[in-house]
Amino acid sequence: MATRPGVKPARPWFASGPTAKRPGWSSQALPHDLLGRGIRAPETVERFAYGLRLTKAVLEIPEDWVLAYLPGSDTGAVEAAMWNMLGQRPVQVVAFENFGKQWASDARDHLKLDGLEILDAPWGELPDLARVDPKKDLVFPWNGTTSGVRVPNADFISMDREGIVICDATSAAFAMPIDYGPLDVVTFSFQKALGGEAGIGVAALSPRAVERLDSYEPPRPVPKVLRLRDGTGFDRALATGTMINTFSVWTLEDWIDALEWAQRIGGLAELIRRTDANADALADWVGRTVWVEYLAEDAAIRSTTSVCLKIVDPRVTVLDDAGRQAFVKRMKALLEDEGAAFDVESHRNAPAGLRLWCGCTVETEDVVAATPWLDWAFETAIAGV
């Protein structure tokens with residue numbers, strides 16, 4: 001019989017989206033005065049604009065970039081960029097995890113882009129980034145939320161590129177250094193690194209991205225909720241707090257609360273430090289644990305936020321896919337019944353394993369406290385195999 005640990009994480013939330021709320025969060029701390037107001041009211045528009053200014057400041061986005069809110073979280077932001085901007089020149093999509101594969105599928109099957117090239121790789125690996133062509137538009141995830149793999153830097157993108165670069169950064173923003181120099185569109189959602197409520201995404205647009213919107217009209221109808229252009233080019237009202245459709249004021253207040261917390265504790269540098277400390281604490285446990293390894297074997301491309309682990313004990317690896325999935329579900333049930341760790345299973349489309357969010361809203365002591373419970377859940381579950 002496995003020994004049940006004596007200490008549990010104070011905040012046992014390790015889901016990769018929505019992620020844990022900031023330490024000390026309370027719904028009662030959110031302002032209520034604009035709830036029930038129209039989203040076109042001047043006070044509401046200004047509050048949304050303040051959220052954009054604060055987002056830009058915390059992320060240290062270049063001054064000449066503009067930001068816009070999009071419905072549909074990061075998914076909506078990426079789709080908006082693709083539907084409005086792609087088709088002028090050949091496109092490459094980097095697909096090394098679930099969402100990159102979705103962008104590739106959309107480009108091929110829905111946008112039906114001519115000259116499309118998909119650069120893919122198995123789970124836990126990156127494709128050959130030397131194949132990225134500066135003459136082509138590029139879509140890629142900075143961090144693979146479902147694979148635990150990230151690009152180590154942006155050096156594979158030419159500063160003399162002719163194409164535009166769309167970067168899905170939803171599980172990297174606020175947690176990893178991002179080089180904006182080679183990028184043109186950077187997308188993320190409220191629900192990832194700062195633990196905001198779901199449903200709203202952000203697209204940060206470089207001057208080159210705005211120029212593409214101004215000069216290129218896509219040869220396809222674009223749904224209203226994805227429309228970045230008006231009759232003449234980029235809809236500049238979107239950069240001033242105006243919304244495409246009705247957004248939740250409560251969700252926006254929650255986002256501002258997270259951003260103001262980030263500023264209070266030291267800004268982007270402190271958010272990255274906290275993330276790295278969490279990832280290091282989990283790495284210490286992985287290093288001394290024989291039954292688990294990283295899905296990303298190369299440490300240089302290993303995520304520090306959505307840390308994905310594979311179970312390597314022969315009693316589990318010998319099982320078929322359904323058996324491995326059932327084993328992970330058993331571990332998950334044990335952990336959640338004890339209130340020791342929630343939502344630590346891998347993404348439904350990824351190989352069976354564990355995934356723990358180690359972003360900046362998680363406390364390092366909670367990562368440390370969770371690891372004995374992972375051992376306990378494994379030992380308890382393996383006894384039934």
Side-chain angles (χ1 to χ4, degrees), residues 55-68 74 77-82 84-97 99-100 103-104 107 113 115-121 125-145 149-188 192-193 201-216 228 234 239 268-269 272 298 300-305:
T55 302
K56 188 174 186 179
V58 172
L59 276 179
E60 301 176 7
I61 294 173
E63 185 58 36
D64 57 355
W65 285 46
V66 296
L67 276 65
D74 178 65
V78 175
E79 293 282 8
M82 292 178 64
N84 285 274
M85 297 185 186
L86 297 184
Q88 186 182 61
R89 59 176 59 240
V91 175
Q92 292 179 314
V93 179
V94 175
F96 57 88
E97 53 92 50
F99 292 100
W103 312 144
L113 297 175
L116 174 66
E117 181 183 9
I118 298 171
L119 309 180
D120 58 6
E125 300 178 23
L126 279 178
D128 180 7
L129 297 178
R131 294 169 57 195
V132 169
D133 186 345
K135 296 182 182 297
K136 299 180 178 180
D137 290 339
L138 176 69
V139 181
F140 81 101
W142 190 282
N143 182 81
T145 311
V149 173
R150 64 175 175 179
V151 296
N153 51 54
D155 292 351
F156 63 96
I157 305 172
S158 172
M159 291 298 294
D160 297 323
R161 67 200 183 280
E162 297 177 24
I164 62 165
V165 179
I166 300 172
C167 174
D168 172 0
T170 194
S171 55
F174 303 98
M176 304 175 191
I178 295 176
D179 180 3
Y180 291 90
L183 309 178
D184 296 300
V185 181
V186 176
T187 69
F188 48 91
K192 289 293 183 185
V202 178
L205 308 173
S206 75
R208 295 180 78 247
V210 172
E211 194 280 330
R212 171 67 67 89
L213 291 168
D214 284 342
S215 63
Y216 173 66
L228 293 173
F234 173 54
L268 184 60
I272 294 172
D298 182 357
I301 64 170
R302 193 174 293 155
S303 174
T304 53
T305 55

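Worth saying up front: this structure is predicted, and the values here are computed from it rather than measured. Computation of the quantities below employed the complete heavy-atom set of this structure, encompassing side-chain atoms and omitting hydrogens, waters and symmetry-equivalent molecules.
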Residue list, ring-ring contact (aromatic ring centres under 6.0 Å, His included) with [X], at least two apart or on another chain:
X	value
Phe96	none
Phe234	none
Tyr216	none

* Asked: Val186 and Leu59: side chain to side chain contact (heavy atoms under 4.5 Å, CB included), yes or no, with the steps?
  -> CA-CA 11 Å; Val186 176; Leu59 276 179; over 6 Å; no
Check: residues 160-168 side-chain donor-acceptor pairs under 3.5 Å, at least two apart:
from, atom 1, to, atom 2, distance (Å)
Arg161, NE, Pro182, O, 3.1
Arg161, NE, Asp184, OD2, 3.2
Arg161, NH2, Pro182, O, 3.4
Arg161, NH2, Asp184, OD1, 2.9
Arg161, NH2, Asp184, OD2, 3.3
Glu162, OE2, Lys135, NZ, 3.2
Asp168, OD1, Thr170, N, 3.3
Asp168, OD2, Trp103, NE1, 3.2

* Asked: What's the verdict on side chain to side chain contact (heavy atoms under 4.5 Å, CB included) for Leu213 and Met85, showing C-alpha distance, side-chain angles and the deciding distance?
  -> CA-CA 6 Å; Leu213 291 168; Met85 297 185 186; 3.7 Å; yes
* Asked: Hey, does the side chain of Glu97 reach the backbone of Gly100 with a donor-acceptor pair shorter than 3.5 angstrom?
  -> yes
How long is the gap from [atom1] on [X] to [atom2] on [Y], to the nearest 0.5 Å?
X	Y	atom1	atom2	result
Phe140	Phe156	CZ	CZ	4.0 Å
Asn153	Ile301	CG	CD1	12.0 Å
Ser171	Phe99	OG	CZ	8.5 Å

Side chains of [X] and [Y], heavy atoms from C-beta outward: is any pair under 4.5 Å?
X	Y	answer
Met176	Thr305	yes
Phe188	Ile178	no
Leu126	Leu129	yes

* Residue pair Leu67, Thr55: steps toward the side chain to side chain contact (heavy atoms under 4.5 Å, CB included) verdict -> CA-CA 9 Å; Leu67 276 65; Thr55 302; 3.8 Å; yes
* To do: Return the set of residues passing salt bridge (Lys or Arg N to Asp or Glu O under 4.0 Å) with Arg150 (not counting sequence neighbours), or none when no residue passes.
  =>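 Salt bridge (Lys or Arg N to Asp or Glu O under 4.0 Å) check on Arg150 returns nothing, list empty.
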* Report the C-alpha separation of Leu113 and Arg89 in whole Å, then their side-chain angles, then the decisive distance to 0.1 Å, and conclude whether the side chain to side chain contact (heavy atoms under 4.5 Å, CB included) test is met. => CA-CA 9 Å; Leu113 297 175; Arg89 59 176 59 240; over 6 Å; no
* Determine which pairs satisfy salt bridge (Lys or Arg N to Asp or Glu O under 4.0 Å) with at least one residue from residues 56-67, sequence neighbours left out, and list them in order. => none
